[in-house]
Amino acid sequence: GAVVSQHPSWVICKSGTSVKIECRSLDFQATTMFWYRQFPKQSLMLMATSNEGSKATYEQGVEKDKFLINHASLTLSTLTVTSAHPEDSSFYICSAGSGRSYEQYFGPGTRLTVT
Amino acid sequence: QKEVEQNSGPLSVPEGAIASLNCTYSDRGSQSFFWYRQYSGKSPELIMSIYSNGDKEDGRFTAQLNKASQYVSLLIRDSQPSDSATYLCAVNKGRGKLIFGQGTELSVKP
């Protein structure tokens with residue numbers, strides 16, 4: 001299957017600061033990437049769809065000014081959590097599809113802790 | 001009604017048995033269905049995709065799809081302790097967007 005990487009794998013930050021998470025497709029080009037958030041013992045919740053060269057599409061209830069998404073190339077999408085608060089602490093996971101099928105491949109995830 | 005529903009479990013089976021995981025979905029127009037496995041603290045890993053009615057087999061895994069009943073299942077034959085994980089059913093909602101069920105926790109006892 002396709003390989004997707006994420007960086008960092010974990011991060012601790014203070015309340016009020018911003019954190020950037022990178023998602024890369026390593027062996028294929030991804031015109032579309034997806035960002036999910038997962039709280040403990042819960043399923044994945046889609047936050048937004050990241051489209052190369054255009055604005056991201058956010059799911060209902062997700063603040064686009066708080067979760068900034070940039071998809072500058074066919075292999076890189078970034079999620080910036082701005083003015084992070086403790087309630088933003090979660091497991092953030094990106095995924096990408098190769099375009100040949102509807103299969104999505106997930107990055108290893110980033111565990112964010114806001115103190 | 002949730003768009004994708006699964007029994008949360010936990011489902012416990014003895015080693016070597018068949019584990020049966022079930023999923024129902026609400027959108028009758030859905031065309032693509034996926035099973036992911038997620039170990040604790042890790043991200044999901046794609047196990048199977050299925051697009052047509054019937055069975056699709058891959059090693060010890062068999063996915064079954066019944067669009068008339070809006071039902072997808074995953075069978076794991078000869079279950080191993082290493083299969084212990086949460087299994088997530090996902091449905092493509094269009095433009096690649098996946099909607100996930102809440103997941104079924106499987107425990108395979110040696």
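The chains referred to below are lettered A, B, ... by the order of the sequence lines, with proteins before strands, and numbering in each begins at 1.
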Next on the checklist: So B:Leu106 and B:Val13, do their side chains get closer than 4.5 Å, heavy atoms only?
Outcome noted: yes

Donor-acceptor list for residues 85-93 of chain B side chains, cut-off 3.5 Å, not counting sequence neighbours:
{"residue": "B:Tyr87", "atom": "OH", "partner": "B:Asp83", "partner atom": "O", "Å": "2.6"}
{"residue": "B:Asn92", "atom": "OD1", "partner": "B:Gly94", "partner atom": "N", "Å": "2.7"}
{"residue": "B:Lys93", "atom": "NZ", "partner": "B:Glu3", "partner atom": "OE1", "Å": "2.8"}

Next on the checklist: Quick check: closest heavy atoms across B:Ser43 and A:Ile93, and the distance to 0.1 Å?
Outcome noted: CB-CG2, 3.9 Å

Next on the checklist: I want to check something: taking the side chain as every heavy atom from C-beta on, are B:Ile76 and B:Leu21 in contact at a cut-off of under 4.5 Å?
Outcome noted: yes

Next on the checklist: Under a 3.5 Å threshold, yes or no: a donor from one side chain and an acceptor from the other, between A:Thr31 and A:Glu52?
Outcome noted: no

Next on the checklist: Would you compute the distance between atom CG of B:Asn53 and atom CG of B:Asn66 and round it to the nearest 0.5 angstrom?
Outcome noted: 6.0 Å

Item to check | Proximity of residues 79-92 of chain A to chain B, residues having a non-hydrogen atom under 4.5 angstrom | outcome: A:Phe91

Checklist entry - If you measure from OH on A:Tyr105 to OH on B:Tyr36, what distance do you get to the nearest 0.5 Å? => result 7.5 Å

Item to check | B:Gln38, part contacting chain A, at a heavy-atom distance under 4.5 Å | outcome: side chain

Checklist entry - Heavy-atom distance under 4.5 Å to chain B: side chain of A:Gln6, backbone, both or neither? => result neither

Next on the checklist: Counting C-beta onward and ignoring hydrogens, is there a side-chain heavy-atom pair between B:Glu15 and B:Lys109 closer than 4.5 Å?
Outcome noted: no

Checklist entry - Considering heavy atoms only, which positions within residues 37-45 of chain A lie below 4.5 Å of chain B? => result A:Gln38, A:Ser43, A:Leu44

Item to check | Selection residues 1-35 of chain B - residue pairs positive for ring-ring contact (aromatic ring centres under 6.0 Å, His included), sequence neighbours left out | outcome: B:Tyr25-B:Phe33

Item to check | Nearest-0.5 Å distance that lies between atom CZ in A:Arg24 and atom CG in A:Leu76 | outcome: 4.5 Å

